[in-house]
2 protein chains.
Amino acid sequence: MGKAVSKKGEQPSVDKTNFETLNGFTGYHLKRATNLMMSDLNATLKPFELRLLSYTALVLVVDNPRIRMSQLAAAMDVERPNMVVIVDALESRKLISRQRLETDRRAYALNITLAGRRLYEKATVAVRAHEERLTRQLDTQTREKVIEAMKLIQKIGELRTHETYN
Amino acid sequence: MGKAVSKKGEQPSVDKTNFETLNGFTGYHLKRATNLMMSDLNATLKPFELRLLSYTALVLVVDNPRIRMSQLAAAMDVERPNMVVIVDALESRKLISRQRLETDRRAYALNITLAGRRLYEKATVAVRAHEERLTRQLDTQTREKVIEAMKLIQKIGELRTHETYN
DNA sequence: AGATATTGGTTATCAATCATAACTAATTAT
DNA sequence: ATAATTAGTTATGATTGATAACCAATATCT
């Protein structure tokens with residue numbers, strides 16, 4: 001630590017910013033990288049008129065036929081009212097369908113439509129390319145190690161659930 | 001009230017959600033873990049009446065005496081107008097000070113005050129504990145590997161600069 | 001030099017995001 | 001049957017982050 005500064009002894013304000021402390025934080029690097037990936041992801045999804053949440057919903061409906069809205073909301077960690085608008089948008093584009101459940105007539109079963117599946121497939125190709133682009137520098141082993149690490153962090157978080165949340 | 005635990009197996013609709021596709025995405029895991037860490041960080045900072053951005057500003061002012069607001073804004077990747085309110089808040093709590101630069105009387109030099117430094121130190125102890133808590137499962141080597149990986153991702157992002165952003 | 005452009009900081013405003021309250025209809029529990 | 005819960009919905013509010021327009025000071029241009 002301690003950069004060789006001091007040409008004048010006391011006036012670094014115009015030089016490169018010192019990130020010494022922040023660089024010591026894992027969370028800092030995590031957030032910067034994630035912000036970047038999310039920006040790039042949204043740019044990637046824009047041509048399909050999808051955004052992070054609508055794409056995620058699409059994916060989960062594909063992977064979970066007949067999923068209910070509340071289950072989807074829980075899976076995505078969004079409040080139900082917000083889920084409604086996401087589902088509304090996807091349904092109005094005929095990418096997914098709502099079907100009343102016979103067994104519980106309050107609820108809807110969500111299903112992917114043919115158009116939805118096609119869009120899902122195209123978008124997912126783009127998303128995989130985006131992932132590849134942004135993690136190209138990481139060898140496969142590192143990538144797996146990162147994912148494992150993220151899972152561990154999440155596991156820890158689940159323990160102290162929502163008690164200290166804001 | 002309490003836990004609505006039914007003795008019998010619940011509805012079939014409650015089966016586990018399938019995250020197959022999402023689990024294949026590095027960005028997905030990155031975002032989940034980061035969200036968690038940021039929630040926990042904000043909870044950690046709350047007792048000090050700081051939030052992510054105000055704490056970050058405090059840290060950068062400590063590490064960069066006489067930094068200018070615009071440089072701080074650039075370092076934090078926030079728009080200048082938003083920087084103003086953050087700096088206003090910190091200044092009104094006498095944690096940092098604004099001093100007109102003699103060399104450029106448009107700009108301010110930001111400096112940490114004694115109170116600011118004390119708060120910074122207390123908060124940083126708490127932040128380090130928070131980091132330790134959330135990354136406890138990761139051995140030192142893994143932690144370093146993760147940080148390296150995040151730096152690489154950022155480096156890639158810097159190439160395709162802001163052209164494809166939102 | 002004097003006109004012009006640019007920069008640092010500011011104010012006001014606006015859009016996007018996310019959470020909360022309250023409601024209906026259907027279901028479950030007492 | 002009555003009460004309590006749950007799924008989905010509507011309306012609304014708080015918070016965040018971005019944009020436009022402005023003033024004062026500095027830098028640029030010819």
Side-chain angles (χ1 to χ4, degrees), chain A residues 13-14 17 31 35 38-39 42 45-46 49-54 56-57 61 66-92 96-110 162 165-166, chain B residues 1-14 31 35 38-39 42 45-46 49-57 61 66-92 96-110 162 165-166:
Chain A
S13 59
V14 178
T17 306
K31 178 131 172 57
N35 281 165
M38 292 306 108
S39 282
N42 274 315
L45 291 173
K46 181 170 267 178
E49 290 179 82
L50 291 170
R51 299 228 306 294
L52 173 60
L53 291 182
S54 47
T56 305
V61 170
R66 294 180 63 72
I67 193 174
R68 286 175 294 116
M69 285 182 60
S70 51
Q71 190 182 346
L72 186 55
M76 292 177 59
D77 256 332
V78 315
E79 297 302 316
R80 266 86 72 190
N82 298 330
M83 196 74 254
V84 173
V85 328
I86 295 167
V87 167
D88 277 354
L90 292 175
E91 192 197 30
S92 75
I96 64 176
S97 68
R98 276 175 169 105
Q99 292 175 330
R100 279 285 178 203
L101 276 186
E102 329 70 41
T103 59
D104 183 344
R105 302 212 334 268
R106 293 168 298 186
Y108 289 113
L110 302 180
H162 296 286
Y165 269 32
N166 50 314
Chain B
M1 41 185 80
K3 318 93 215 285
V5 177
S6 48
K7 4 189 147 213
K8 286 302 202 78
E10 272 280 347
Q11 300 307 91
S13 49
V14 190
K31 178 131 171 63
N35 281 165
M38 293 305 108
S39 282
N42 274 314
L45 292 173
K46 183 169 266 178
E49 290 179 82
L50 291 170
R51 300 227 307 293
L52 173 61
L53 291 182
S54 46
Y55 173 69
T56 305
V61 170
R66 294 180 62 71
I67 192 175
R68 286 174 294 116
M69 285 182 60
S70 52
Q71 189 181 348
L72 185 54
M76 291 177 60
D77 256 332
V78 314
E79 296 302 316
R80 268 78 59 133
N82 299 329
M83 196 73 253
V84 173
V85 327
I86 296 167
V87 167
D88 277 353
L90 292 175
E91 192 197 30
S92 75
I96 66 176
S97 69
R98 274 176 168 106
Q99 291 176 334
R100 279 284 177 204
L101 277 185
E102 328 71 38
T103 58
D104 183 343
R105 306 220 324 275
R106 294 169 297 185
Y108 289 112
L110 302 180
H162 297 285
Y165 269 33
N166 59 311

Could you state the CG-P distance from B:L52 to D:dT15, rounded to the nearest angstrom? 17 Å

Atom-pair distance (CG on B:L110; P on C:dG9), nearest Å: 7 Å

For a quick test of reading the model, state the closest non-hydrogen atom pair linking B:L90 to B:S54 and the distance between them. CD1-O, 3.8 Å

Taking only N and O in the side chain of A:S70, is any of them less than 4.0 Å away from OP1 or OP2 of D:dG8? yes

Return the set of residues passing side-chain hydrogen bond (donor to acceptor under 3.5 Å, both in side chains) with B:R106 (not counting sequence neighbours), or none when no residue passes. B:D104

Interatomic distance, A:I67 atom CD1 to A:I96 atom CD1 [nearest 0.5 angstrom]: 10.0 Å

C:dG9 P sits how many Å from B:D88 CG, rounded? 12 Å

With a 4.5 Å limit on heavy-atom distance, are the side chains of B:R51 and B:N42 in contact? yes

Rounded to whole Å, how long is the line connecting atom CE of A:M76 with atom C1' of D:dG8? 16 Å

Show the nearest heavy-atom pair for residues A:V78 and A:M83, with the distance to one decimal. CG2-SD, 3.8 Å

Please say whether more than 12 non-hydrogen atoms of neighbouring residues, nucleotides or ligands are located less than 6.0 Å from CZ in A:R100. yes

Map B:A109 and A:V78 onto DNA chain C by nearest heavy atom, then report which one ends up closer to the 5' terminus. B:A109

Polar atoms only, N or O, under 3.5 Å: list the protein pairs with nucleotides 25-27 of chain D and their distances.
unit_1: D:dT26; atom_1: OP1; unit_2: B:R105; atom_2: N; d: 2.9

Tell me whether the count of non-hydrogen atoms from other residues, nucleotides or ligands lying under 6.0 Å of CZ in B:R98 goes above 12. yes

From CD of A:Q99 over to C1' of D:dG8, roughly how many Å is that when rounded to an integer? 16 Å

Need one value for A:R100: base, sugar-phosphate or nothing, where a base atom within 4.0 Å counts as base even if backbone is also close, heavy atoms only. nothing

Base versus backbone protein contacts along nucleotides 13-18 of chain C [heavy-atom cut-off under 4.0 Å; B, S, -]: ----SB

Separation of B:M69 atom CE from D:dA24 atom C1', in whole Å? 15 Å

When every non-hydrogen atom of A:T17 is compared with those of B:A75, the smallest separation belongs to CG2-CB, 4.0 Å

Under 3.5 Å, is there a donor on one side chain and an acceptor on the other for B:R68 and B:Y108? no

Would you say a side-chain N or O of A:R80 is under 4.0 Å from OP1 or OP2 of C:dA21? no

